[in-house]
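All remarks here apply to the structure that follows.
The shown structure was predicted, so the numbers you read here are calculated from the model rather than taken from an experiment. Here is the naming used below: chain letters follow the sequence lines, and residue numbers restart at 1 for every chain.
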Amino acid sequence: MNRSAWDGMIEIEDTFVEKVYEQVARIPFGKISTYGKIGELAGYPGAAREVGVAMSRVPEKSDLPCHRVVNKNGTLAPGHAFGGKEKQRKLLLQEGITFREDGLIYIEKHMWPDESGGEQLSLFA
DNA sequence: ACGTTGACTCCTA
DNA sequence: CTAGGAGCCAACG
């Protein structure tokens, strides 16, 4: 088709960033993931830093749930996103994410994908 | 091709 | 908690 058909469309780029966006978009409601894990899922293990950069490049109009991506420590972004950590914390709270008293997220509780033993997926009955 | 940069992660102090 | 340093990797000028 002509390029006119792509008018206004984002160019299809098979880049690292593209795949990262896909993985982030797959994070289910009420779950969170880490930069490193997202990069790993995207096929770029160890590229946690670039995942962060990719997030910063996300257009505001995008529906990407970037607030569900946190660093492994359980802390939120320094504040570049969402207009501050407080806002991100609120977004996560609305999704049922629980925080510790020190403000850190229970990573292990809401981590996605859930790779813990697989006791949940084992049930078929 | 090279040097910088960065919403990372791990370590030490 | 903060402050460095090192390793890591892709995007960008």
Integer-rounded Å distance: [N] [atom2] and [X] [atom1]:
X       : N      : atom1 : atom2 : value
A:Leu92 : B:dA7  : CG    : P     : 19 Å
A:Glu40 : B:dT9  : CD    : C1'   : 13 Å
A:Leu41 : C:dC9  : CG    : C1'   : 17 Å
A:Lys37 : B:dC10 : NZ    : P     : 11 Å
A:Asn71 : B:dT9  : CG    : P     : 5 Å
A:Lys19 : C:dA10 : NZ    : P     : 11 Å

Worksheet item: Can you name the closest pair of heavy atoms from A:Leu76 and A:Asn71 and give their distance?
Response: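 Of all heavy-atom pairs spanning A:Leu76 and A:Asn71, the closest is N-OD1, 4.2 Å.
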
Worksheet item: Looking only at heavy atoms, which two atoms of A:Ala54 and A:Tyr21 are closest? And how far apart?
Response: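 A:Ala54 and A:Tyr21 have their closest heavy atoms at O-OH, 3.0 Å.
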
Worksheet item: Do any N or O atoms from the side chain of A:Arg68 and from the backbone of A:Ile27 form a donor-acceptor pair under 3.5 angstrom?
Response: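 Between the backbone of A:Ile27 and the side chain of A:Arg68 there is a qualifying donor-acceptor contact (under 3.5 Å).
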
Fill in: Donor-acceptor pair, side chain of A:Tyr44 and main chain of A:Val20, under 3.5 angstrom
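Not confirmed, A:Tyr44 side chain does not pair with A:Val20 backbone.
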
Polar atom pairs (N or O), protein with nucleotides 11-13 of chain C, under 3.5 Å:
{"unit_1": "C:dC12", "atom_1": "OP1", "unit_2": "A:Arg57", "atom_2": "NH1", "d": "2.9"}
{"unit_1": "C:dC12", "atom_1": "OP1", "unit_2": "A:Arg57", "atom_2": "NH2", "d": "3.3"}

Worksheet item: Below 4.0 angstrom from OP1 or OP2 of B:dC8, is there any side-chain N or O of A:Lys72?
Response: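 No, A:Lys72 has no side-chain N/O under 4.0 Å of OP1/OP2 on B:dC8.
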
Fill in: Candidate nucleotides C:dG7, B:dA7, B:dT9, ranked by approach to the side chain of A:Arg49 - the nearest
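Given the options C:dG7, B:dA7, B:dT9, the side chain of A:Arg49 is closest to C:dG7.
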
Worksheet item: Can you list the stems that include DNA chain B, where a stem is three or more consecutive Watson-Crick or G-U pairs with distances under 3.5 Å?
Response: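 So far as stems of 3 or more pairs are concerned, DNA chain B shows B:2-6 with C:9-13, B:8-13 with C:2-7.
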
Practice prompt. Using the closest heavy atom to pick a nucleotide of DNA chain C for each, name whichever of A:Pro45 or A:Thr75 lands nearer the 5' end.
Written response: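 Looking at DNA chain C, the more 5' nearest nucleotide goes with A:Thr75.
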
Worksheet item: Just checking, is any N or O donor in the side chain of A:Glu95 or A:His110 under 3.5 Å from an acceptor N or O on the other one?
Response: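 A:Glu95 vs A:His110: no donor-acceptor pair found between side chains.
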
